[in-house]
Amino acid sequence: MNIADSLYKLWQSTGIANFVQPVDPSITSGFEQFLHQFGSPIMIVICLILLWLGIKKQFEPLLLVPIAFGGLLSNIPVADIAGPNGFLGIIYEAGIHKGLFPLIIFMGVGAMTDFGPLIANPKTALLGGAAQFGIFGALLLALCCFGFTLPQAGAIGIIGGADGPTSIYVTTKLAPELLGAIAVAAYSYMALVPVIQPPIMKLLTTKEERQIQMTQLREVTKREKIVFPLVVLGLCIILLPDACPLVGALTFGNLCKECGVVDRLSDTMQNALINIVTIFLGLSVGSKLSSDQFLTTQTLFILVLGIVAFSLATAGGVIFAKIMNLFSKEKINPLIGSAGVSAVPMAARVSNKVGLEANPQNYLLMHAMGPNVAGVIGSAVAAGILLALCN
Amino acid sequence: MNIADSLYKLWQSTGIANFVQPVDPSITSGFEQFLHQFGSPIMIVICLILLWLGIKKQFEPLLLVPIAFGGLLSNIPVADIAGPNGFLGIIYEAGIHKGLFPLIIFMGVGAMTDFGPLIANPKTALLGGAAQFGIFGALLLALCCFGFTLPQAGAIGIIGGADGPTSIYVTTKLAPELLGAIAVAAYSYMALVPVIQPPIMKLLTTKEERQIQMTQLREVTKREKIVFPLVVLGLCIILLPDACPLVGALTFGNLCKECGVVDRLSDTMQNALINIVTIFLGLSVGSKLSSDQFLTTQTLFILVLGIVAFSLATAGGVIFAKIMNLFSKEKINPLIGSAGVSAVPMAARVSNKVGLEANPQNYLLMHAMGPNVAGVIGSAVAAGILLALCN
Amino acid sequence: MNIADSLYKLWQSTGIANFVQPVDPSITSGFEQFLHQFGSPIMIVICLILLWLGIKKQFEPLLLVPIAFGGLLSNIPVADIAGPNGFLGIIYEAGIHKGLFPLIIFMGVGAMTDFGPLIANPKTALLGGAAQFGIFGALLLALCCFGFTLPQAGAIGIIGGADGPTSIYVTTKLAPELLGAIAVAAYSYMALVPVIQPPIMKLLTTKEERQIQMTQLREVTKREKIVFPLVVLGLCIILLPDACPLVGALTFGNLCKECGVVDRLSDTMQNALINIVTIFLGLSVGSKLSSDQFLTTQTLFILVLGIVAFSLATAGGVIFAKIMNLFSKEKINPLIGSAGVSAVPMAARVSNKVGLEANPQNYLLMHAMGPNVAGVIGSAVAAGILLALCN
Amino acid sequence: MNGEFLVLLEQGFALMGIGMGFVFSFLVVLVFTMGGMSKTVQFLNKLFPEEVKVVEKPGKRANVSEDEAIAVAIAVAKAQG
Amino acid sequence: MNGEFLVLLEQGFALMGIGMGFVFSFLVVLVFTMGGMSKTVQFLNKLFPEEVKVVEKPGKRANVSEDEAIAVAIAVAKAQG
Amino acid sequence: MNGEFLVLLEQGFALMGIGMGFVFSFLVVLVFTMGGMSKTVQFLNKLFPEEVKVVEKPGKRANVSEDEAIAVAIAVAKAQG
Ligand code: NA
Ligand code: NA
Ligand code: NA
């Protein structure tokens with residue numbers, strides 16, 4: 001190898017020489033040709049925008065920053081970091097492909113969640129069910145109007161669950177080719193909950209309804225909190241084993257938190273373990289942000305369907321709260337219905353904030369936490385149904 | 001797919017429809033047929049009992065809670081969480097099958113163990129040897145009277161080592177089909193040490209013996225503590241390489257603790273790393289609690305042999321301490337002999353407690369720590385012998 | 001199996017019986033025969049010396065202690081801990097073979113590095129480039145005078161980068177058979193920087209030059225620090241995608257540190273994650289310290305070339321600083337040039353110390369941090385070139 | 001509006017009906033089970049009142065981890081010294 | 001000095017030239033880009049001055065983790081008690 | 001009591017004898033090695049007495065981790081403020 005050869009080899013391996021791919025004569029579609037040529041640089045710009053959203057706008061930065069950076073790395077020409085021998089490809093294969101990372105994160109979520117407000121006021125669980133309307137509404141639209149296949153429609157619907165690990169787990173099983181777009185949509189809209197929800201909530205409620213005060217929640221004993229995760233898991237075993245990996249991970253984390261004898265493990269799930277897995281989950285989900293899978297009309301549709309799903313979920317929760325008030329003496333404030341979409345604890349905070357606007361003395365936060373955590377269970381159950389019926 | 005089809009498919013995937021398996025005409029034995037039909041629900045009840053033991057009775061909760069929960073998850077019908085594509089199956093394959101997790105936990109054990117009391121009074125190491133009598137006594141019984149094969153008998157014997165990671169490591173190599181039962185027995189009996197040991201200790205000693213006071217231990221220098229793990233590993237290399245993975249992991253952790261220049265690593269082994277691995281080790285050991293492997297007479301035999309092993313180990317340690325007193329001027333309190341079974345630091349605390357009952361001024365804890373930590377080394381050596389001779 | 005058989009089987013599995021291998025008649029070379037027979041015990045002694053260097057002399061103990069202990073374990077006869085089913089072999093295959101561990105450590109390095117001093121005085125980046133002369137000088141010697149192949153010479157050269165994870169990453173890709181020797185050389189010489197550098201620095205500078213005072217660095221804003229890692233990655237994408245796994249990991253860690261919205265992740269990268277990976281990286285790099293690969297003349301050559309590389313790198317940095325002074329009004333103290341070899345932050349401290357000897361009021365530490373962190377980037381870029389051209 | 005669309009529509013509505021129905025059924029059962037659970041636990045708490053506290057206290061104590069305890073000890077020592 | 005050695009020598013020097021050249025080129029570009037970056041950022045900082053502080057503060061606050069906060073709270077309580 | 005049982009019995013007792021013997025041998029050797037080790041180290045400690053303390057101190061200081069140091073610093077500051 002002489003100087004000229006080395007220089008040529010080095011030039012061949014630069015990004016400049018490979019950024020824009022040469023025209024591939026076997027591709028006949030003009031748009032595909034364009035993507036083939038300029039896909040990677042466009043994706044890099046998109047990832048920089050996602051990074052900006054994560055850092056500057058603080059859109060779920062714990063996930064959006066790693067996802068965007070993973071996307072950046074996987075669109076670098078030549079390096080093939082997302083390929084089968086690249087480090088993001090290896091991490092993806094080991095951790096996401098079989099669903100390990102989302103389940104571990106769900107353990108941590110369980111170890112960080114206090115189901116007390118739900119146990120204190122069980123009927124608010126139904127609000128967490130009504131908000132799953134977003135999932136099935138978006139599924140219906142995706143299937144009938146946007147031409148997605150049934151598994152794809154199921155994966156898109158789950159965006160409406162407003163629950164990151166659940167979305168990633170379901171998408172990996174049903175439609176891994178959509179993982180990048182769905183994860184980006186799910187986390188972005190979760191961050192946008194304070195923007196998306198209030199207009200819908202105000203539209204569907206009267207000022208009087210928004211001012212309803214709720215009685216203070218009773219104290220929940222330690223034993224109830226210990227038994228609760230086992231009850232949820234038990235129901236799930238009887239009714240829907242397909243949801244058991246998700247619900248099992250969630251309830252395991254929660255049992256470890258509440259039982260009080262394995263605090264070492266519970267602390268680790270909430271900190272070192274969930275942080276480590278979040279880093280790798282984010283980076284490897286980002287590795288699916290390739291131009292041929294992301295720069296499609298499908299991605300546009302997914303973004304549209306995602307916001308539809310969030311809106312339907314919000315509406316579902318609020319409307320069902322009003323329906324419940326028709327049949328119940330003890331009135332509930334319909335604003336806490338919107339917290340049923342999960343997006344813990346953001347949606348509950350939104351309920352509280354909108355409630356305070358109507359009545360500055362009315363703190364709804366703890367009341368909204370009930371439907372909020374019920375929404376996590378509801379989404380996991382809905383995920384189990386999708387996994388059972390959509391493939 | 002229409003509504004009726006979907007409903008049928010959903011019904012087919014519920015737990016109710018799958019909880020009780022239909023009669024399998026190819027199974028002729030009545031008991032096996034019963035297990036085939038009702039095995040999973042029975043195992044779930046057993047796992048709930050184990051959870052109760054862990055949480056309410058605080059039986060080694062750090063391991064029994066994850067083991068029991070793992071058992072719960074792996075007995076859920078349809079979900080197949082312990083199968084080759086289920087998340088517990090994947091973790092088991094990656095971490096337990098080749099012995100990784102028990103070794104990493106043993107590193108953490110090493111990083112948490114202070115061998116000072118043993119270095120200060122070296123001859124107490126022999127008590128940690130005598131207590132291994134439980135291993136070989138139980139092995140003999142398992143082999144000759146209960147019809148186990150030689151590798152199975154070795155794995156059962158190791159319960160008498162009273163050391164969780166060692167038991168799991170050896171069982172995985174010799175008789176993985178018994179892993180669930182042996183792990184449950186090992187951790188349960190370790191938790192029951194304060195119940196099992198005192199009657200045996202009192203039966204084998206006179207009140208005068210229990211009142212023997214021991215001279216205070218000398219101070220041990222930093223350098224001795226640094227050299228000690230290397231000495232143990234060196235002997236192990238010369239005499240029994242088969243014990244070196246276990247002893248190597250233990251001494252690596254201990255060297256990192258004592259050398260004082262890698263505190264970052266030692267802290268991590270004692271906290272984040274051991275906690276993370278404990279979670280996954282527990283869950284995936286629990287995934288071996290399947291009805292066809294656990295609901296057998298073998299499990300009953302293992303439970304019986306386990307308590308025999310612990311009792312023989314306790315007796316071995318106490319009797320050998322009395323024998324040592326016959327030949328030595330400086331008398332040792334035979335109660336510290338029982339600490340040789342390991343179960344660190346529980347067995348040493350039992351020695352202390354029984355000693356205080358006989359003489360309220362006589363604190364044996366530090367003296368009992370010597371045989372206690374020697375018991376860990378002794379069990380690891382015995383494990384090496386079993387690995388060398390039992391397969 | 002009777003007693004005699006068991007005893008014989010046990011004897012066969014002792015270290016004594018296997019320490020010295022029997023003469024292998026198929027080996028004709030006398031030296032190879034000697035290695036075949038006595039290689040393992042010799043390697044164990046070498047590993048004990050490395051342990052002593054790590055613990056007593058505090059030579060990069062965080063890595064040298066695990067590496068030496070891994071070497072100890074992998075040279076144990078019979079146990080085959082570094083083999084495909086041994087635990088170090090498994091960890092090596094999973095974490096080092098495809099480059100995962102060095103990249104994760106590089107993330108942690110990024111999360112611990114403050115590029116502020118470099119941003120405040122950009123031109124010092126060139127010193128971090130000049131110090132890469134050590135890499136290419138050693139490569140030239142290895143290739144032309146010591147008979148190494150081109151990939152081997154590249155891996156040896158990278159020792160001059162004075163950067164552990166980069167060295168391990170490159171060596172794994174180019175010449176895995178040299179990993180043990182190169183890792184030991186790289187970390188040992190990094191620890192010896194305070195011994196190797198000062199004489200060279202004093203030889204190449206006059207007392208007047210060593211007394212040059214530099215103006216205080218300006219403050220760097222948060223935004224500059226956030227944009228900087230993206231700029232570095234961007235240049236790397238355009239110019240040298242082969243360096244992107246390394247530079248990507250480094251800049252990801254740094255972005256997480258600086259962006260201020262993912263402190264959970266950044267803390268984890270700097271603590272739990274880097275510590276866990278360091279333990280396993282060290283142990284599994286040590287598993288490559290086998291006698292047939294380490295007890296060769298090549299290892300001697302590598303040790304010689306390593307110190308040559310460090311010396312050339314130091315000289316390169318210092319001389320280039322003097323050259324820069326010829327063309328610049330604002331003089332820089334040439335002592336900060338030697339900090340360009342990386343070995344963060346040791347080399348910068350050496351610059352400071354030698355500077356204080358010449359002028360007790362002249363604190364060069366912050367000025368030296370600029371070239372110091374630039375040296376990390378420079379080495380990663382050089383690594384990319386080697387990966388692109390040397391195989 | 002062709003036949004295929006109608007098939008998809010039927011499938012979509014079937015899924016929606018079944019899905020929402022199932023989620024609601026699950027949660028309704030959960031609501032009643034929670035009620036039963038709370039009553040059972042409160043009954044048990046009356047039967048074995050002290051035990052609950054015994055379980056709770058070590059849990060809470062354990063929350064103050066060793067590290068924190070050390071930090072506190074040093075802090076107090078320094079603040080007093 | 002045979003031909004093979006000369007070939008290796010040429011190869012080695014080629015690598016050295018290219019390598020050092022490339023590393024330097026990279027860093028020279030980096031130096032100029034850093035200069036441009038700093039100027040751009042300082043210009044932006046003048047345009048949107050407050051925003052920077054808003055970004056900085058939560059970051060710094062987050063550095064004091066919950067654990068530490070608890071430890072501090074206990075410490076202060078005990079020191080005052 | 002058939003022949004097979006006797007074979008198993010012999011095998012079991014053989015394992016017990018060998019196993020216990022080996023474990024004891026190992027620990028007896030360990031006891032003596034420990035004795036030798038302690039004497040050697042104490043001899044070395046006399047020859048190079050200060051070095052030991054130098055090794056010990058940084059270790060102990062390092063135990064007080066940065067996190068704790070920060071927590072303590074804040075605590076002291078608040079307690080004094
Ligand atoms: Na939800
Ligand atoms: Na033991
Ligand atoms: Na460098």
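Since we're looking at a predicted model, the values are computed, not measured. Quick note on labels: first sequence line is chain A, next is B, and so on, each numbered from 1.
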Practice item. Output the option from B:L386, B:L126, B:I135 having the highest count of non-hydrogen pairs under 4.5 Å with chain F. Key: B:L126
Study note, to complete from the structure: Rounding to 0.5 Å, atoms CE (F:M16) and CG (B:L141) come to a distance of 7.5 Å
Exercise for review: Measure B:L143 against the heavy atoms of chain F and call it side chain, backbone, both or neither at under 4.5 Å.
Suggested key: both
Check your understanding: Heavy-atom distance under 4.5 Å to chain F: side chain of B:V262, backbone, both or neither?
Key -> neither
Point to revise | Heavy-atom side-chain proximity of F:V23 to B:S379 below 4.5 angstrom | key: no
Revision key, fill the gap. Distance col, row F:F26:CZ vs B:C236:SG, nearest 0.5 angstrom, shows 4.5 Å
Check your understanding: Side chain, backbone, both or neither: which part of B:A130 has a heavy atom under 4.5 Å from chain F?
Key -> both
**Study point:** Engaged part of B:F115 at the chain F interface, taking heavy atoms whose separation is under 4.5 Å
**Key:** neither
Review point. Say you draw a straight line from CZ of B:F148 to CG of F:L8; how long is it, rounded to the nearest 0.5 Å?
Key: 13.0 Å
Review point. Which one, B:V220, B:I238, B:L240, leads in non-hydrogen pairs under 4.5 Å with chain F?
Key: B:L240
Exercise for review: Test F:Q11 against every option in B:L150, B:L389, B:L140 by the side-chain contact (heavy atoms from CB on, under 4.5 Å) rule and name the one that passes.
Suggested key: B:L150
Review point. Do the ring centers of B:F136 and F:F13 come within less than 6.0 Å of each other?
Key: no
Review point. Which heavy atom in B:P122 sits nearest to a heavy atom in F:V31, and how many Å separate them?
Key: O-CG2, 3.4 Å
Check your understanding: Got a second to check how far B:E224's CD is from F:Q42's CD, nearest 0.5 Å?
Key -> 5.0 Å
Check your understanding: Going by atom types only, do F:S38 and B:R218 share a side-chain donor-acceptor pair under 3.5 Å?
Key -> yes
**Study point:** Test item: F:N45 and B:R223 side chains (from C-beta on) under 4.5 Å apart, heavy atoms
**Key:** yes
Point to revise | Heavy-atom proximity to chain B below 4.5 Å, by part of F:E4 | key: neither
Review point. Which residue out of B:T124, B:L118, B:L139, B:I377 racks up the most heavy-atom pairs below 4.5 Å with chain F?
Key: B:L118
